[in-house]
Amino acid sequence: MSTPNPNAPRPSVIQLAIKEKAALYAAYIPLFTEGGVFIPTARDYKLGDDVYVLLTLPEDPQRYPIAGKVAWITPPRAAGNRTQGVGIRFPADEKSRLLKMKIEEALGAHLGSERPTQTI
């Protein structure tokens, strides 16, 4: 068993409480196979950074812990007045698969919508 690198940066922890379906639609990233979520932040991240997200969904008191990775970055002053932040890709595990299903079930018909999201 290898010892963890003591100099490796600890993953940052972000709490994201999404209160309504429209916000969930705007934040959800179905493009990622495992699912993912956009998090508005001014903090400086790099692609591949580990991020620990505590996600709360609309009408659901449970907090979902996700050990994800930065897979999308919207820089400050991005074109189209997009919100600065990062897209976190969910890990390929059973918990993430169930969370993705839960989000897609909550969004239902909204998933096929043409409304813009915070990423693509």
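These numbers come from the heavy atoms of this one structure, side chains and all, not from hydrogens, waters or symmetry mates.
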Which residues pass the side-chain hydrogen bond (donor to acceptor under 3.5 Å, both in side chains) test with T41, sequence neighbours left out?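 Checked T41 against side-chain hydrogen bond (donor to acceptor under 3.5 Å, both in side chains); zero matches.
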Considering residues at least two apart in sequence or located in another chain, which fulfil the side-chain hydrogen bond (donor to acceptor under 3.5 Å, both in side chains) criterion with K69?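 K69 satisfies side-chain hydrogen bond (donor to acceptor under 3.5 Å, both in side chains) with D50 once adjacent residues are dropped.
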Rounded to the nearest 0.5 Å, what separates atom CD in Q15 from atom CD1 in I39?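 Answer rounded to 0.5 Å: 11.0 Å.
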Considering residues at least two apart in sequence or located in another chain, which fulfil the side-chain contact (heavy atoms from CB on, under 4.5 Å) criterion with E94?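 Applying side-chain contact (heavy atoms from CB on, under 4.5 Å) to E94 gives R97, L98.
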side-chain contact (heavy atoms from CB on, under 4.5 Å) involving A78 - partner list, sequence neighbours excluded: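 side-chain contact (heavy atoms from CB on, under 4.5 Å) list for A78, sorted by chain: T74, P75, R82.
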When the side chains of residues 51-68 are checked against the rest of the protein, which donor-acceptor pairs come out under 3.5 Å, sequence neighbours left out?
residue: D60; atom: OD1; partner: Q62; partner atom: N; Å: 3.0
residue: D60; atom: OD2; partner: Y64; partner atom: OH; Å: 2.6

Side-chain contact test, heavy atoms from C-beta onward, threshold under 4.5 Å: evaluate it for [X] versus [Y] and give yes or no.
X	Y	result
F38	T83	yes
F90	I103	yes
I18	V37	yes
R43	S12	yes

Assess whether atom NZ of K102 is packed by more than 12 heavy atoms of other residues, nucleotides or ligands within 6.0 Å.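 Incorrect, the count does not exceed 12.
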Which heavy-atom pair separates L47 from A71 by the least distance, and what is that distance?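 What the structure gives for the nearest pair is CD2-C, 3.6 Å.
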So, for L107 and Y28, which heavy atoms are closest and what is the spacing to 0.1 Å?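 Result for this residue pair: CD1-CD2, 3.9 Å.
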